[in-house]
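Owing to the predicted nature of the structure, the values given are computational and were not obtained by experimental measurement. Throughout, a chain's letter reflects where its sequence line sits, starting with A, and its residues are numbered from 1.
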Amino acid sequence: MAKYNPKKIEQKWQNKWYSSGVFKAKNGSKKKKYYLLVEFPYPSGDGLHVGHCRSFTAFDIIARKRRMQGYNVLYPMGWDAFGLPTENYAIKKGVHPSVVTKKNTDNFRSQMQNLGLSFDWSREIDTTDPKYYKWTQWIFIQLFKNGLAYKSKISINWCPKDKIGLANEEVIDGKCERCGTKVEKKEKDQWMIKITNYAERLIKDLEDVDYLEKIKTQQRDWIGQSHGAVVKFHVEGIDEDLEVFTTRVDTIFSGTFLILSPEHSFIDKYRNKIENIEEVLAYREGAKNASDMDRTNQDKEITGVQLKGIMVRNPVTNEEMPVWTADFVLDHYGTGAVFADAHDKRDFKMAKKYGIPLRTSIKPDNEELTQKVKNLEECFEDDGTLYNSQEFDGLKSADARPKIIEWLSAKGLANSKITYKLRDWVFSRQHYWGEPIPMVFCKKCGWQPVKEKDLPIKLPNVKKYKPTGTGESPLSLIEKWVKTDCPNCKGPAQRETDTMPNWAGSNWYFLRYIDPKNNKKLSDDSAMRYWMPVDWYNGGMEHTTLHLLYSRFIFKFLWDIKAVPASVGSEPYKKRTSHGMVLGEGGIKMSKSKGNVINPDTIIKQYGADTLRIYEMFMGPFEQMIPWDTKGVVGCRRFVDKVYNLAAQKKMATKTDEALKKVLHKTIKKVGEDVENLKFNTAISSMMEFVNAWQTSENGLDKKDLADFLRIFSPFAPHLAEELWVSLGNKDLCCQQKWPKYDEKLIEEKRVLLIVQINGKVRDKIEMKAGSSQKEVEKLVLKSEKIKVLIGDAEVKKIVFVYNKLINIVI
RNA sequence: GCCGAGGUGGUGAAAUUGGCAAACACGUCGGACUCAAAAUCCGAUGCCCUUAAAAGCUUGGGGGUUCAAGUCCCCCCCUCGGCACCA
C-alpha cells in the first residue's frame with residue numbers, strides 16, 4: 001500500500017462529504033436534536049487563526065460524535081461581518097466593504113472546509129446580508145415600540161485628530177486605536193437600549209443554566225447587584241429631601257456629612273441657595289475634563305468642595321450635617337449621593353483633609369483595634385458590632401441592617417432598594433459599515449420607526465467611507481438617502497444616520513441558523529420549538545460580559561414579546577464553555593507585527609488537516625491558554641502515520657489478542673468520557689497508548705476491532721478514518737457509523753498490581769488476582785523476603801488495607 | 001484593593017478526586033539502518049550520590065491533619081484573567 005498522503009486523501013473525502021450533504025441538519029426530523037454552536041468569526045483579511053481552528057475542531061469532534069450517537073445535529077457557521085477593519089480597509093483602498101467581505105468569507109469558508117469541519121453549509125448566514133439585517137433592524141423597532149430604545153445625550157469617546165466618535169473597544173489605553181491620539185469626551189445624542197430593565201432576570205436566570213462557574217461569576221460581577229436602602233436626608237430651610245443609596249445602613253449613626261456627585265441635579269436646582277456656587281461649578285467643570293485615566297487612578301488625591309449654606313439633618317441622630325461635592329461620587333450609580341462617615345476609607349480621608357467632624361458607630365471584635373477606631377486613628381470598613389446607635393447597640397452589622405431599614409421605613413425615611421452597576425447600552429455608532437438604525441426623525445411627530453414592510457433599510461452606496469469630521473456618520477452626507485417621509489404623518493423627515501454596533505447582528509444569529517431563508521419571520525416557530533435552546537455554546541472568555549450578556553438579554557426580550565415560542569424558555573443557551581487562546585511560540589500573543597502568526601493552510605499543506613486537528617486538541621487542556629509549538633505538530637503527524645501504517649500494512653489478525661482487546665475497550669470508554677468533558681488531550685493520549693499497544697502486539701487487530709477503533713478515531717482524524725474505513729471493504733461512510741459501545745466485562749481487571757508500603761513509603765509491588773482479601777494479601781506480603789528484612793525486629797502497629805490498591809504496614 | 005483561575009521534569013502536560021507523582025508527547029543522549037544525511041526503528045531520560053546497585057530528595061514557600069497529601073486545612077509568595085473611587 002502506498003505511503004500516507006494526506007493531500008490526496010483529505011481533498012477526496014471533503015468533496016464526498018460536502019457534495020453528499022451528510023452534515024445537513026434536518027428540520028422537522030423525528031430524531032432527537034442536538035444544537036451545537038461556536039461563535040461565528042469576524043472574517044478578517046488575515047484569514048482563519050489557529051485559535052479558531054482549535055475551538056471549531058473541538059466542537060466538530062463533539063458534533064461528529066453526536067451524529068454517530070444518533071442525534072440530528074445542527075452545527076452551523078456564518079459571518080459576523082460588519083466591523084471596523086473592513087471599513088478601515090475600504091477607506092484606505094477605496095474598495096466597497098461588501099467586496100472585501102465577500103473575498104474574506106470565501107477564504108474563511110475554504111479554510112474551514114480544508115480542515116474537514118462538519119458544518120452544515122446550507123445554513124450559512126452573513127450579518128451584512130440585507131436579508132439578514134432586515135431582522136436585526138426589525139428587532140430594533142420592537143425594542144423601540146416596547147420603550148426599551150431611547151435617545152439620550154451622553155458623553156462619548158472622541159478622537160480630536162480623526163474627528164470621529166469611538167466605541168469603547170476602539171479606545172486602547174485611553175488612545176485612539178487608529179492614530180494613537182489621546183481620546184477626549186464629547187456629548188452626543190445616542191440611541192440607548194434599556195438592558196438595565198433586565199438586570200435582575202439576567203442574574204437570577206443564571207441559576208437555571210449550565211455555564212462554567214467563572215462565566216456566571218463574571219456576568220454577576222458585571223451586572224453588579226447590591227442590596228441596600230435609599231435614605232432621605234431633609235435639607236434645612238428647603239422643602240426637599242436628598243436621597244442617598246447605601247448598602248451600609250448599619251453605619252448611619254456615624255454619618256456626619258453628605259457628598260453629592262459634581263453633576264448632581266440638586267446643585268442646579270438650588271444654585272441661588274449655594275453661597276459658593278461659582279466654586280462648586282468650577283469644581284464640576286474640572287471633574288468633567290478629568291479623563292477616565294485620571295479618574296481611575298488609585299493614588300489620586302481626594303478633592304471636594306463644600307456646598308456652603310446647605311445643611312441636612314441626619315434622620316437618626318437628628319444632627320445637622322454639611323453637604324459636600326466630590327468627584328469620587330458617581331452621578332450614574334445609586335442616587336448620585338452618599339452619606340459619609342468614619343467607616344469608609346474615602347470619606348475618612350476626605351474628612352481628615354478638610355477637618356470635617358467624624359464619628360464611629362461600628363467596632364471590631366479586637367479590643368486593641370477598637371481603641372484605634374474610636375480614636376479615629378484607623379478607618380474600620382468591615383462589618384462589626386454597633387455602638388453609639390441607640391436601641392441598635394450591640395447588634396451585629398448584618399442583623400442591624402434589616403432592622404434599621406424597617407425602623408426607618410416605618411417613619412417614611414427609607415426604602416430598601418437594589419441597585420446595579422450595569423448601565424444602559426449605547427447602541428449608536430458613527431460609522432458606515434453597520435446596520436442602519438431604522439428610525440426617522442420628524443419635526444412634528446418626533447422619532448418614528450420605519451414601517452416594518454419597508455425593511456430592510458439598505459445601506460446606500462457612498463463614494464467616501466471616511467468619517468465626516470463633524471461626528472456624524474458618513475451616511476449623513478447622502479442627502480437623497482437622509483431625506484425621507486415621516487412614516488406617521490407623511491411630512492418631510494430625516495433618517496437616522498448612525499449605525500448599530502457590531503454586537504447587533506450577533507445578538508440573535510443562533511435563531512437564524514434554524515431557519516436561515518425565512519422572509520416572513522426571524523425564524524419559524526415550529527423550527528424554534530424543535531431546535532431551541534442551543535444545547536452547547538462555546539466561545540471566548542472576552543465575550544462573557546458583552547456578546548453573551550447582550551444576546552441573553554435580547555433573547556429574553558424576544559421571548560417576552562412572543563417572537564420566540566413560550567415553550568422554548570427565556571434562556572438561549574443551555575450550556576456555555578470557553579476555550580483558551582492559542583499563543584505564539586514562546587507564549588506571546590500571535591500578531592502580524594511580531595511575525596509569529598501561524599497560518600493553518602501552511603500546516604495543512606505540510607502535515608495534513610488530520611494532523612493539525614489532532615495537534616490542536618493534543619496541545620493542552622482546552623480551557624487553557626497555550627503556546628503554539630511546531631515540534632509538537634511533528635509528534636502528532638508521527639501518530640497519524642503510525643495509525644495509517646498499522647492499519648494499512650500490518651496483516652489483519654483473525655482474532656485480536658486478548659490483552660489488546662482489553663486496551664481497546666478501555667480506550668473506547670476513556671475517549672467517550674473525555675470528549676464530553678472537553679478533555680481532548682487525554683482522549684488523544686489514550687488513543688496513542690492504544691496504538692502503541694497495537695504496534696507491539698503479536699497479532700494485531702481483527703477487522704471488527706479495527707473498525708471499532710476507526711469509529712472513535714474518526715471525529716479526531718475524519719479523513720484518514722474514512723480512507724481506512726473503505727480499505728476494510730466498506731461502501732458507506734465512517735462518519736455515519738454508530739459510536740461503539742465498550743464491554744464492561746473486558747474492562748474489569750482480573751489481576752492487579754498491589755502497592756506494598758511500610759510507614760507510607762512504597763517498598764514493593766506485588767501482582768495478584770483482583771479481589772483478594774486483606775488476609776490473603778497480608779499472608780503473602782509478610783512472607784516476602786524483601787519485606788521481612790525491612791520490618792526486621794520492629795513491631796507491626798497497624799496494617800492499612802485498601803481493596804485492590806495497596807497495603808500499608810505501620811511499624 | 002476585590003473576585004476568579006493557576007504554580008508539577010529541559011518543554012507541553014497527566015494523575016481514576018486522599019492511595020505507585022511525572023502517563024502521553026516534545027526535546028536531549030545512545031544505538032540500529034545508511035557511503036552519508038534525512039526519515040524510520042530500538043533503548044535511556046525528575047533531581048542528587050554513584051562504575052553499578054541500594055538509599056535519599058522532589059509537585060511555588062512554610063506549617064498542620066492523616067497509616068498515606070500534587071490533592072484536604074491555615075499562613076505567605078508569584079503568574080495570568082476579570083472588575084475597579086459602585087457608597
Side-chain angles (χ1 to χ4, degrees), chain A residues 3 212-222 224-226 228 244-249 251 259 261 295-300 302 326-330 332-341 343-347 349-350 381 419-423 541-542 544-545 578 580-581 585-587 614-615 618-621 623-636 638-639 641-642 645 670 673 679 681-692 695-696 753-765 797-811:
Chain A
K3 205 166 166 283
L212 287 182
E213 209 44 51
K214 62 174 172 181
I215 295 175
K216 287 192 186 183
T217 311
Q218 244 182 62
Q219 288 216 350
R220 281 195 202 102
D221 288 353
W222 182 266
Q225 189 180 57
S226 14
V244 161
F245 174 73
T246 180
T247 56
R248 292 296 303 274
V249 216
T251 66
I259 313 172
S261 72
R295 278 187 78 123
T296 52
N297 186 353
Q298 281 294 313
D299 308 321
K300 198 192 72 163
I302 281 180
D327 64 2
F328 70 80
V329 177
L330 306 173
H332 57 76
Y333 184 75
T335 58
V338 299
F339 77 79
D341 58 45
H343 296 292
D344 179 284
K345 277 214 175 78
R346 296 155 302 172
D347 301 351
K349 261 197 214 161
M350 182 164 166
E381 287 189 300
T419 58
Y420 299 91
K421 286 189 204 170
L422 185 71
R423 296 168 69 180
M541 257 338 259
E542 69 275 18
T544 304
T545 49
S578 230
M581 233 200 307
E585 295 205 44
I614 287 191
Y615 172 65
F618 184 63
M619 62 197 301
E623 337 73 61
Q624 193 179 296
M625 234 199 284
I626 204 129
W628 182 269
D629 176 20
T630 301
K631 290 207 185 100
V633 182
V634 178
C636 292
R638 284 187 198 139
F639 168 63
D641 267 328
K642 210 187 263 186
N645 291 333
K670 174 98 176 125
E673 289 168 355
K679 291 167 81 176
N681 51 336
T682 49
I684 291 169
S685 73
S686 74
M687 284 192 280
M688 286 174 170
E689 280 178 273
F690 166 74
V691 170
N692 290 343
Q695 189 174 29
T696 51
L753 196 66
L754 214 103
I755 307 305
V756 184
Q757 294 182 332
I758 292 176
N759 285 354
K761 294 218 150 118
V762 181
R763 288 293 126 118
D764 203 4
K765 297 161 192 188
K797 278 195 196 148
K798 190 173 166 186
I799 293 177
V800 182
F801 177 73
V802 182
Y803 184 72
N804 274 355
K805 280 227 169 90
L806 120 173
I807 181 160
N808 187 9
I809 301 162
V810 186
I811 55 173

Legend entry - Spatial distance of atom CD1 (A/I799) from atom CD1 (A/I758) [nearest 0.5 Å]: 10.0 Å
Inset, instruction - In whole angstrom, give the distance that lies between atom CE of A/M687 and atom P of B/A25. - result: 13 Å
Inset, instruction - Please tell me which of the listed nucleotides, B/G82, B/G19, B/G27, lies nearest to the side chain of A/K631? - result: B/G27
Inset, instruction - Have a look at A/R220 and say if it touches a base, only the backbone sugar-phosphate, or nothing, with a 4.0 Å heavy-atom cut-off. - result: nothing
Inset, instruction - Could you check how far CG of A/D327 sits from C1' of B/A84, rounded to whole Å? - result: 15 Å
Inset, instruction - Pick the P atom in B/G6 and in B/A87, then give their distance to the nearest Å. - result: 28 Å
Legend entry - Interatomic distance, A/D344 CG vs B/C2 P [rounded to whole Å]: 15 Å
Legend entry - Distance below 4.0 Å between A/K798 side-chain N/O and B/C67 OP1 or OP2: yes
Legend entry - Residue closer to the 5' end of RNA chain B, A/V338 versus A/T217 (nearest nucleotide): A/T217
Inset, instruction - For B/A54 versus B/A44, give the span between their P atoms, rounded off to a whole number of Å. - result: 15 Å
Legend entry - A/K642 side chain, from C-beta outward: closest of B/C85, B/C41, B/G19: B/C41
Inset, instruction - Look at A/R638 and B/C26 and indicate whether a side-chain polar atom (N or O) is within less than 4.0 Å of OP1 or OP2. - result: yes
Inset, instruction - Would you sketch RNA chain B in dot-bracket for me? Only Watson-Crick or G-U wobble pairs with both distances under 3.5 Å count, crossing pairs as [ ], other-strand pairs as |, the rest as dots. - result: (((((((..(((......[....)))((((((.......))))))((........))..(((((..]....))))))))))))....
Inset, instruction - Please round to the nearest 0.5 Å and tell me the distance separating atom CD1 of A/I809 and atom NZ of A/K797. - result: 14.0 Å
Legend entry - Closest nucleotide among B/A87, B/G19, B/C42 to the A/K805 side chain: B/G19
Legend entry - Phosphate contact (B/C86 OP1 or OP2) by A/R346 side-chain N/O below 4.0 Å: yes
Inset, instruction - To the nearest Å, give me how far apart CZ (A/F328) and P (B/C85) are. - result: 12 Å
Legend entry - Minimum heavy-atom distance A/V244-A/F339, with the two atoms named: CG1-N, 3.3 Å
Inset, instruction - Kindly say whether A/T544 contributes a backbone atom to a donor-acceptor pair with the side chain of A/Q219 at under 3.5 angstrom? - result: yes
Legend entry - Atom P, compared across B/U17 and B/G1: separation rounded to whole Å: 38 Å
Inset, instruction - Measure from the side-chain N and O atoms of A/Q757 to the backbone N and O of A/L806, and report whether any donor-acceptor pair falls under 3.5 Å. - result: no
Inset, instruction - Under 4.0 Å between any heavy atoms, over every strand shown, what does A/K421 touch: base, sugar-phosphate, or nothing? Just pick one. - result: base
Inset, instruction - Answer yes or no: is there a donor N or O on one side and an acceptor on the other, between the side chain of A/S578 and the main chain of A/M541, under 3.5 Å? - result: yes
Legend entry - Separation of the P atoms in B/C73 and B/G9, to the nearest angstrom: 23 Å
Inset, instruction - Rounded to the nearest angstrom, tell me the gap between atom CZ in A/F690 and atom P in B/A25. - result: 14 Å
Legend entry - Interatomic spacing from CZ in A/R248 to CG in A/D344 - rounded to 0.5 Å: 9.0 Å
Inset, instruction - Quick one: label A/N808 by what it contacts on the DNA or RNA (base, sugar-phosphate, nothing), any heavy atom closer than 4.0 Å. - result: base
Legend entry - Pairwise P distance for B/A23 and B/C75, with rounding to whole Å: 35 Å
Inset, instruction - Could you please name the option among B/A87, B/G27, B/A23 that lies closest to any side-chain atom of A/F245? - result: B/A87
Inset, instruction - Ignoring hydrogens and angles, tell me if any N or O in the side chain of A/Y615 forms a donor-acceptor pair with the backbone of A/W628 under 3.5 Å. - result: no
Inset, instruction - Would you please confirm or rule out a distance under 4.0 Å between OP1 or OP2 of B/A87 and any side-chain N or O of A/S226? - result: yes
Legend entry - Nearest-angstrom distance, P atom, B/A52 to B/G61: 29 Å
Inset, instruction - Apply side chain to side chain donor-acceptor pair (under 3.5 Å) to the pair A/N692 and A/K642, showing each step before the final yes or no. - result: CA-CA 9 Å; A/N692 290 343; A/K642 210 187 263 186; 2.9 Å; yes
Inset, instruction - Please round to the nearest 0.5 Å and tell me the distance separating atom CE of A/M688 and atom OG1 of A/T682. - result: 11.5 Å
Inset, instruction - Please indicate whether A/R220 has more than 12 foreign heavy atoms, meaning atoms of other residues, nucleotides or ligands, lying under 6.0 Å from its CZ. - result: yes
Legend entry - Syn or anti for B/U40 (syn when the glycosidic angle lies within 90° of 0): anti
Inset, instruction - Using atom NZ of A/K216 as one end and atom P of B/G4 as the other, report the distance to the nearest whole Å. - result: 15 Å
Inset, instruction - Output the distance between atom CD (A/E689) and atom NZ (A/K670), rounded to the nearest 0.5 Å. - result: 9.0 Å
Legend entry - Span that lies between the P atom of B/C47 and that of B/C29, in whole angstrom: 15 Å
Inset, instruction - Consider the side chain of A/E689, meaning its heavy atoms from C-beta on, and name the nucleotide among B/C86, B/C24, B/G19 that approaches it most closely. - result: B/C24
Inset, instruction - Using whole Å, report how far CD of A/Q219 lies from P of B/G4. - result: 17 Å
Legend entry - Gap in Å between the two P atoms, one belonging to B/G60 and one to B/G56, rounded: 22 Å
Inset, instruction - Could you say whether A/G336 or A/Q218 is positioned toward the 5' end of RNA chain B, judged by the nucleotide with the nearest heavy atom to each? - result: A/Q218
Inset, instruction - Would you mind calling B/G9 syn or anti? Take O4'-C1'-N9-C4 for purines or O4'-C1'-N1-C2 for pyrimidines, and syn is within 90° of 0. - result: syn
Inset, instruction - Determine the contact category for A/V810: base if any of its heavy atoms lies under 4.0 Å from a base atom, sugar-phosphate if only primed atoms, P, OP1 or OP2 are that close, otherwise nothing. - result: sugar-phosphate
Inset, instruction - Kindly say if A/N692 contacts the phosphate of B/A25, meaning a side-chain N or O under 4.0 Å from OP1 or OP2. - result: yes
Inset, instruction - Can you check each nucleotide of nucleotides 6-15 of chain B against protein heavy atoms at under 4.0 Å and return B for base, S for sugar-phosphate only, - for none, in 5' to 3' order? - result: ------BSSS
Inset, instruction - Indicate, with a heavy-atom threshold strictly under 4.0 Å, whether A/G224 touches base, sugar-phosphate, or nothing. - result: nothing
Inset, instruction - Measure from CH2 on A/W222 to P on B/G82 and round the result to the nearest Å. - result: 11 Å
Inset, instruction - Would you check if the side chain of A/T335 reaches a backbone N or O of A/F245 as a donor-acceptor pair within less than 3.5 Å? - result: yes
Legend entry - Polar pair under 3.5 Å, donor/acceptor by atom type, side chain A/Q757, base B/G19: yes
